[in-house]
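See below for the structure under consideration.
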Amino acid sequence: MALYLRAPIKSNMQKEVVLQDVVIKFAGDSGDGMQLTGQQFTNNTALLGIDLATFPDFPAEIRAPLGTLPGVSGFQIHFSSNRVYTPGDICDVLVAMNAAALKVNLKSLKKGGKIIANIEGFDTKNLRLAAYPDGINPLEDGSLDGYDLTKVDVTKLTREALKAYTELGIKERDRAKNMFVLGMIYWLYNRNLDTTIDYLKDKFKKKESILNSNIDVLKAGYFYGETAELFSSRYKVEKSKMDPGTYRSIMGNQALSMGLIAGSQKSGLPIFLGTYPITPATDILHELSKYKNFGVKTFQAEDEIAGISAAIGASYGGSIGMTSTSGPGMALKTEAMGLAMMLEIPLVIINIQRGGPSTGLPTKTEQSDLMQAYYGRNGEAPIPIIAASTPSDCFYMAFEAIRIAIQHMTPVILLSDGYIANGAEPWKFPSASSLPTIEVKFKKGLDDGEEKFLPYKRDEKGARPWAIPGTPGLEHRIGGLEKQAETGNVSYDSENHEFMVKAREAKVEKIADYIPLQTIDSGAEKGKVLILGWGSTYGTIKSAALQLQSQGKEVSHAHIKYMRPFPKNLGDILKNFETVVIPEINNGQLIKIIRDKYFVDAKGYNKIMGVPITKQELVTAVEQYL
């Protein structure tokens, strides 16, 4: 029998306070289960119909030394009864499992914010590992007097709750302390335990002792919050005012994988993913491998080059070939990307960007690879580029990548990044019937009057025919050498080379006729300042623009999803504003392309610190142009 399994005790000392907006940061060692704690709280929040955004913050090391600053793992969630677009600039609550977690994250906690600290994580050893001076304990020295500090011996209470589980050792019991914290936070924010209990039953259904111990610790944390009277209030956030429909919580890489499967179903073509594991793209391989029932084939190759080469072969054979990677992998795939561009066959290249260059910051976010996607190949090798803006938008842009690749016979680069790949939000998912059919045209044989197959004869889109190997009468040559126009034979003729270079470029530029026009996301069509963004800066720009607009400022927001070619009307939109500000999580990449193409003296705002731009940082930057 475990402790704390009695019914909740009602206390007159604790009042319920309704809040509109809360930001919580769970932080501890990478082995403390903070990601799981955050994900469970996220799922619980989403099921209540409360809008949210999350930001998981992983350490780069696979297993950093326990208690050290580089080993801190964090999960931030912003939830509100209003619409939420970012994980929040500053936190209202910081759960610190050890001294290092407090030291790393204290700067992101608002003054007067609540700190829930695990006492055992502030012993002499942990303080030394977190580089606090000898004899200094922030829980005792008064340095946290400006905060609402609650000290809980989570480790001791977890062990006490599990003392009946004699078959579990100390380490196994301590692994459950994140469930104690989750239970306590569930009580504090007036939540039900059922969603997490159901999760535990599914995860540990074959391990009865582990299942029961985790459930008991979860309940122990909940009832500790009820009975210990450490908190004077409980809090509640009301349901958000969202469009009616069925929602689920979705992470970016999950949504992207589902979008690929939807594109496969709507085109009638099987998926082949040829890839090699790399942070933060590996979850796409994991996710797609679950869906063999949809005809998905996944191949974990020996390296990045083999992964994309196999995908090219799959596309040549009539499947939807795709490969997933991050910046370093894109560098290795460069030659094969040029080959796919020269072959002019469909291929989806997914780049989940991270901090660079070289190995860089594997677990930190950055919009690092737009220039690489544009120019990172030898010769004149244009490839269409699209970019997702939110976790749920990854679904639609993955679907769109397949459509463009198939209908325009070209490789397509789909850009996401670690922020939206691992972030979550509520998603009102579409029905299959609401998604458009993706028309596929295989060349079945010679047409009437066609004497010989011309594999590089172009249609109205500039696309060549897609002929499956082995189709009688459609034998043709492929390879990386320059092609003669229409026949596809090897050609070293200088005039033909120039013609083909321009023909391939024209095909990519013509895609602009088949994508939506650019729209203004919020604000007027003309005015003083246009904040122009792409990718994961969407939520920050949206929030900053709405705040400035509410103050009567002439600010508008436009967000580009089609990066190459740009929507046909983008230049006209830019001319309607006195100043164009382009915020990016890089050193200024889109701004260079915009200046080059449209001769606009755009102003940049750049942050290259492995974390997103905050709303207040952007508001301050934009105000100087108003």
Side-chain angles (χ1 to χ4, degrees), residues 267 269-272 274 297 299 301 304-323 332-349 376-384 402 404-413 439-511:
S267 65
L269 300 179
I271 283 175
F272 178 92
K297 296 180 178 68
F299 170 55
E304 297 279 4
I305 298 169
I308 187 172
S309 298
I312 291 171
S315 288
Y316 181 55
S319 295
I320 307 170
M322 54 188 64
T323 190
L332 292 166
K333 295 179 192 290
T334 295
E335 184 180 4
M337 289 165 61
L339 173 62
M341 187 279 310
M342 183 67 96
L343 299 180
E344 298 189 51
I345 58 174
L347 181 70
V348 177
I349 303 156
R377 293 165 294 283
N378 64 299
E380 304 288 341
I383 293 179
I402 288 178
I404 293 172
I406 289 173
Q407 296 185 350
H408 297 270
M409 289 296 288
T410 179
V412 175
I413 296 173
E439 185 181 7
V440 179
K441 293 181 181 179
F442 286 123
K443 181 85 169 171
K444 301 293 187 182
L446 295 176
D447 298 331
D448 291 341
E450 189 178 14
E451 296 181 0
K452 185 179 180 182
F453 178 46
L454 298 175
Y456 282 82
K457 185 177 181 179
R458 302 181 185 279
D459 63 12
E460 70 281 0
K461 293 186 175 79
R464 77 175 188 90
W466 194 0
I468 302 301
T471 307
L474 303 185
E475 297 84 359
H476 61 286
R477 181 193 298 268
I478 65 165
L481 293 171
E482 183 60 279
K483 308 289 183 292
Q484 186 180 58
E486 296 197 349
T487 69
N489 294 329
V490 173
S491 173
Y492 299 107
D493 180 76
S494 57
E495 291 184 358
N496 176 78
H497 174 57
E498 181 171 305
F499 176 84
M500 290 296 283
V501 165
K502 291 185 179 296
R504 289 187 289 263
E505 175 76 24
K507 179 181 76 170
V508 172
E509 291 302 315
K510 197 165 183 59
I511 293 172

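Under a 3.5 Å cut-off, the side chain of Arg464 and the backbone N or O of Leu343 do form a donor-acceptor pair. Under a 3.5 Å cut-off, the side chain of Lys483 and the backbone N or O of Leu481 do form a donor-acceptor pair. Using modelled atom types, one side-chain atom of Ser309 and one backbone atom of Ile305 make a donor-acceptor pair closer than 3.5 Å. Here the side chain of Asp447 pairs no donor or acceptor atom with the backbone of Glu450 at under 3.5 angstrom.
The closest side-chain heavy-atom distance from Thr487 to Arg477 is not below 4.5 Å. Annotation: side chain of Met337 is in contact with side chain of Ile349 (closest heavy-atom distance under 4.5 Å). Using a 4.5 Å cut-off on side-chain heavy atoms (C-beta onward), Glu439 and Gln407 make contact.
Annotation: Glu498, atom CD; neighbour count of heavy atoms from other residues, nucleotides and ligands within 6.0 Å does not exceed 12. Annotation for Glu475: atom CD counts as buried by contact number, over 12 foreign heavy atoms lying within 6.0 Å. For Phe499, the CZ atom counts as loosely surrounded, since its 6.0 Å shell holds 12 or fewer non-hydrogen atoms of other residues, nucleotides or ligands. More than 12 heavy-atom neighbours from other residues, nucleotides or ligands sit within 6.0 angstrom of CD on Glu460. The neighbour count for Asn378 CG, taken as heavy atoms of other residues, nucleotides or ligands under 6.0 Å away, does not exceed 12.
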Hey, mind stepping through Ile308 and Leu347 against side chain to side chain contact (heavy atoms under 4.5 Å, CB included) and telling me if it holds? CA-CA 9 Å; Ile308 187 172; Leu347 181 70; 4.1 Å; yes

Quick one: do Phe442 and Leu269 satisfy side chain to side chain contact (heavy atoms under 4.5 Å, CB included)? Show the steps, please. CA-CA 11 Å; Phe442 286 123; Leu269 300 179; 3.7 Å; yes

One pair to check against side chain to side chain contact (heavy atoms under 4.5 Å, CB included): Lys297 and Ile271. What are the steps and the verdict? CA-CA 6 Å; Lys297 296 180 178 68; Ile271 283 175; over 6 Å; no

I would like to know whether His408 and Val412 meet side chain to side chain contact (heavy atoms under 4.5 Å, CB included); could you show each step before the answer? CA-CA 10 Å; His408 297 270; Val412 175; over 6 Å; no

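Between His476 and Tyr316, the ring planes are perpendicular. Angles over 60° get that label, and only those under 30° would be called parallel.
What you find for Lys443 and Thr471 is that their closest heavy atoms are O-CG2, 4.1 Å. Taking all atoms of both residues into account, the shortest heavy-atom contact from Gly321 to Ser315 is N-OG, 2.9 Å. The two residues Lys441 and Trp466 come nearest to each other via the heavy atoms O-CB, 4.0 Å. The two residues Leu454 and Pro465 make their nearest non-hydrogen contact at O-CG, 4.0 Å. Closest approach of Ala306 to Phe299, counting heavy atoms only: O-CE2, 4.5 Å. Closest approach of Gly479 and Leu339 over heavy atoms only: C-CD1, 3.9 Å.
For the 3.5 Å distance criterion, the side chains of Lys333 and Thr323 qualify, holding a donor opposite an acceptor.
Note: Ile404 CD1 to Ile383 CD1 = 13.0 Å, rounded to the nearest 0.5 Å. In this structure, CD1 in Ile320 is found 4.5 Å from CD1 in Ile402, a value given to the nearest 0.5 Å. Note that CG of Asn496 is 10.0 Å distant from CG of Asn489, once rounded to the nearest 0.5 Å. Note that the NE2 atom of His497 and the OH atom of Tyr492 stand 12.5 Å from one another [nearest 0.5 Å].
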Side-chain donor-acceptor distances from residues 504-511 under 3.5 Å, at least two apart:
residue, atom, partner, partner atom, Å
Arg504, NH1, Glu482, OE1, 3.0
Arg504, NH2, Glu482, OE2, 3.1
Lys507, NZ, Glu344, OE1, 2.9
Lys507, NZ, Met409, O, 2.6
Lys510, NZ, Asp513, OD2, 3.3

